[in-house]
Amino acid sequence: MLKPNFKEAKKRTNEDIKVLRSEYAIPEDMKDFGLGKKYYIKTYGCQMNEHDSEMISAILEDMKYTNAKDYEDADLIILNTCAIRENAHNKTFGMLGRIKHLKQVKPGLMVGLAGCMSQEESVVNEIIDKYKWMDFVFGTHNIHKLPEVLKEHVKTNDLEVNVWSNEGNVIEGIPAKRDSKYKAWVNIMYGCDKFCTYCIVPYTRGKQRSRMPEDIISEVKDLINKGYKEVTLLGQNVNAYGKDFKDKKYNMENLLSDVAKTGIERVRFVTSHPWDFTDGMIDVIAKYDNICKYIHLPVQSGSSRILKLMGRRYTKESYLELYKKIRNKLGDNSSITTDIIVGFPGETKDDFEETLSLVEKCKYDSAFTFIYSPREGTPASKMIDNVSKEEKEQRLYKLNAVVNKYSKEANDKLVGKIVKVLLENVSEKDPKLLAGYTDTMKLVNVKADKKYIGKIVDVKITDAKTWSLDGEINE
Ligand code: 5AD
Ligand code: SF4
């Protein structure tokens with residue numbers, strides 16, 4: 001049994017990170033393990049987790065498992081979990097309650113926990129104490145070892161816990177079974193060294209490790225050959241890409257240009273920390289037509305006092321300066337979105353008013369808004385939190401009203417305009433419509449024939465709502 005330990009996970013050593021290209025392999029006796037069996041993966045949380053699930057799927061299919069449409073049809077269920085806020089945590093335990101019943105009527109069913117919650121000491125202890133019926137737990141650093149984890153579980157027929165506290169190396173060559181045929185997630189780095197005081201990610205995802213540029217570029221070229229139209233470069237803090245290279249100077253500016261030069265039709269990247277956003281990066285984004293003019297720039301709070309307590313290392317003023325620089329350079333057709341936390345420990349009414357006034361100034365295209373959720377082991381969880389739950393809920397409500405007003409305004413401006421949309425599939429709203437995104441990440445429902453699926457087309461916007469647009473093909 002290998003349990004996670006937060007004290008270990010917090011450590012940042014100067015040890016060299018190696019790139020391992022032949023670590024992933026299915027042991028001979030596991031190659032047919034999934035023959036005739038079905039798997040189901042339930043994914044919570046961010047894009048990084050979605051992409052991890054694409055890898056877990058491919059690994060299981062390498063063991064001859066096939067995909068089950070529903071968890072009730074599966075022989076193996078994996079919950080790929082998120083630890084960022086309490087509600088993600090509660091959802092997982094709720095789902096485990098349902099699966100327990102299923103396991104009672106289906107004794108051969110195997111159930112495993114993966115993702116960020118697996119990296120939390122307290123969660124793993126709870127699983128060991130109260131969820132003994134589960135089969136295995138593995139973490140974010142050893143996804144490529146899933147076949148060995150399953151093998152060990154079968155050998156002992158006991159709950160197999162195999163979670164590494166430290167990140168280890170960069171593993172290349174893990175396959176991915178991508179959900180979309182047109183747009184793909186591409187990891188460019190793992191982990192985060194920023195240690196914002198509220199955030200659990202630096203503990204669950206480890207030290208920052210950038211992938212080698214040549215590995216990223218060759219993955220993008222391969223995706224182009226397979227017909228992909230769009231890549232999203234993924235990392236917790238993509239602007240810091242390359243800062244961990246010891247032997248070369250190669251940063252996000254260089255990577256963005258090199259990815260743009262591959263000729264892929266669209267390049268996106270998430271998430272940016274305002275701290276590492278350089279002028280050079282803004283220039284590169286402006287220079288290449290295929291780099292989407294869409295920036296997700298989390299501000300978290302509009303109060304410099306709270307930003308300091310959050311450990312964000314910028315002020316309201318320096319954020320606004322950066323914001324203006326980006327808008328000026330990328331033009332009115334660009335789109336900027338953000339993340340905001342309300343009710344951080346000690347946030348006063350005045351601090352909150354500053355957040356509202358910042359949103360009034362930035363007029364974001366949209367924003368993800370959250371109530372602060374204390375995460376065990378983080379510095380903020382030890383700060384005195386004297387804002388009541390009701391007050392926090394009211395602040396969130398007020399903030400959302402302002403955020404939504406500007407989302408609708410930004411969408412209204414597009415009515416009558418012609419925009420490019422990558423049509424991905426049939427609309428969830430209406431099976432007669434197709435749905436897709438503009439390069440500025442706006443959802444559009446389009447009256448169009450199915451033959452347009454997978455194509456980037458000119459769409460005339462006919463109507464705007466708060467969270468989506470309606471349009472028709474402009475021929
Ligand atoms: N509580 C609430 N929101 C959080 N986020 C990260 N940690 C917490 C937390 N403890 C939010 C931040 C981040 C987004 C991914 O989640 O806004 O940008
Ligand atoms: Fe968390 Fe801050 Fe790192 Fe983002 S930059 S993952 S909020 S520690």
Side-chain angles (χ1 to χ4, degrees), residues 6 9-10 12 44-50 81-91 115-117 119-120 122 140 167 187-210 234-241 243-244 252 269-277 295-303 306-314 319 322 336-347 352 355 358-359 362 364 366-383 385 387 389 392-393 395-396 399-400 403:
F6 261 17
K10 202 170 157 180
R12 291 296 184 266
Y44 301 89
C46 66
Q47 294 99 333
M48 189 72 72
N49 254 22
E50 280 180 35
T81 61
C82 169
I84 201 116
R85 280 173 293 274
E86 184 68 25
N87 60 349
H89 182 277
N90 293 346
K91 274 190 213 158
C116 285
M117 277 172 68
Q119 296 290 146
E120 290 183 277
S122 56
T140 59
E167 53 286 336
N187 282 328
I188 63 168
M189 62 196 296
Y190 306 98
C192 180
D193 290 343
K194 287 283 184 276
F195 286 100
C196 300
T197 56
Y198 51 82
C199 186
I200 202 162
V201 168
Y203 309 82
T204 61
R205 292 275 171 178
K207 163 170 145 176
Q208 169 171 332
R209 291 145 291 146
S210 300
L234 280 187
Q236 303 299 346
N237 172 21
V238 291
N239 307 27
Y241 173 81
K243 285 194 165 181
D244 49 313
M252 188 59 178
F269 53 96
V270 281
T271 283
S272 295
H273 189 301
W275 185 20
D276 294 310
F277 217 115
I295 315 285
H296 185 61
L297 195 68
V299 65
Q300 313 298 0
S301 168
S303 153
I306 294 293
L307 287 170
K308 191 154 193 224
L309 290 174
M310 287 176 161
R312 293 290 288 178
R313 308 185 205 201
Y314 55 81
Y319 179 91
L322 172 66
I336 303 183
T337 59
T338 200
D339 290 344
I340 300 170
I341 298 175
V342 299
F344 186 79
E347 184 189 67
F352 175 64
T355 298
L358 179 123
V359 174
C362 294
Y364 292 105
S366 72
F368 296 104
T369 55
F370 311 102
I371 290 180
Y372 166 72
S373 171
R375 308 316 291 134
E376 203 181 315
T378 61
S381 70
K382 296 184 198 83
M383 296 179 192
D385 184 1
V387 186
K389 188 167 168 273
K392 287 176 185 169
E393 279 165 1
R395 288 182 192 174
L396 184 71
L399 174 63
N400 284 345
V403 161

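Every number for a ligand or one of its atoms is a count from 1 in the order of the listing.
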- Task: Determine whether V238 and I188 make a side-chain contact, defined as any pair of heavy atoms from C-beta on separated by less than 4.5 Å.
- Result: yes
Quick check: do R12 and P202 have side-chain heavy atoms less than 4.5 Å from each other?
yes
For P202, the atoms of ligand 2 under 4.0 Å from one of its heavy atoms are 8 (S)
protein heavy-atom neighbour closest to atom 8 (S) of ligand 2 works out as C196 N, 3.4 Å
* Asked: Considering only heavy atoms from C-beta outward, does the side chain of I340 approach that of F370 to under 4.5 Å?
  -> no
Between the OG1 atom in T197 and the CZ atom in R312, the distance rounded to the nearest 0.5 Å is 10.0 Å
Restricting to heavy atoms, the pick from I341, N239, V201, T378 nearest atom 6 (S) of ligand 2 would be V201
Using heavy atoms and a strict 4.0 Å limit, residues surrounding ligand 1 turn out to be I84, R85, Y198, Q300, D339, I341, F370, I371, Y372, S373, R375
Self-check item: Residues, nucleotides or ligands: over 12 heavy atoms within 6.0 Å of K382 NZ
Solution: yes
Output for pair (R85 CZ, Y198 OH), nearest 0.5 Å, gives 10.5 Å
Exercise. With a 4.5 Å heavy-atom cut-off, do D276 and K243 have their side chains touching?
Worked result: yes
So for P298 against ligand 2, with non-hydrogen atoms under 4.0 Å, the contacting part is neither
| query | Are any of the heavy atoms in R312 under 4.0 Å away from ligand 2? | reply | yes
Between Y241 and F269 (judged by ring centroids, cut-off 6.0 Å), do the two rings come close enough to count as a pair?
no
Pair Q208-D193, side-chain donor/acceptor within less than 3.5 Å: no
Nearest heavy atom to atom 5 (S) of ligand 2, choosing from H273, R205, M310, R313, belongs to H273
of all protein heavy atoms, closest to atom 4 (Fe) of ligand 2 is Q236 O, 4.2 Å
Nearest heavy-atom contact between T355 and S303 is OG1-N, 4.3 Å
The atoms of ligand 2 lying under 4.0 Å from a heavy atom of F195, numbered in the order shown, are 8 (S)
Atom 7 (S) of ligand 2: closest protein heavy atom, distance to 0.1 Å, is Y198 OH, 3.4 Å
Atom 1 (Fe) of ligand 2 has as its nearest protein heavy atom C199 SG, 2.3 Å
The closest protein heavy-atom partner of atom 3 (Fe) of ligand 2 is C192 SG, 2.3 Å
Check the side chains of H296 and T337 for a donor-acceptor pair under 3.5 angstrom, ignoring hydrogens and angles.
yes
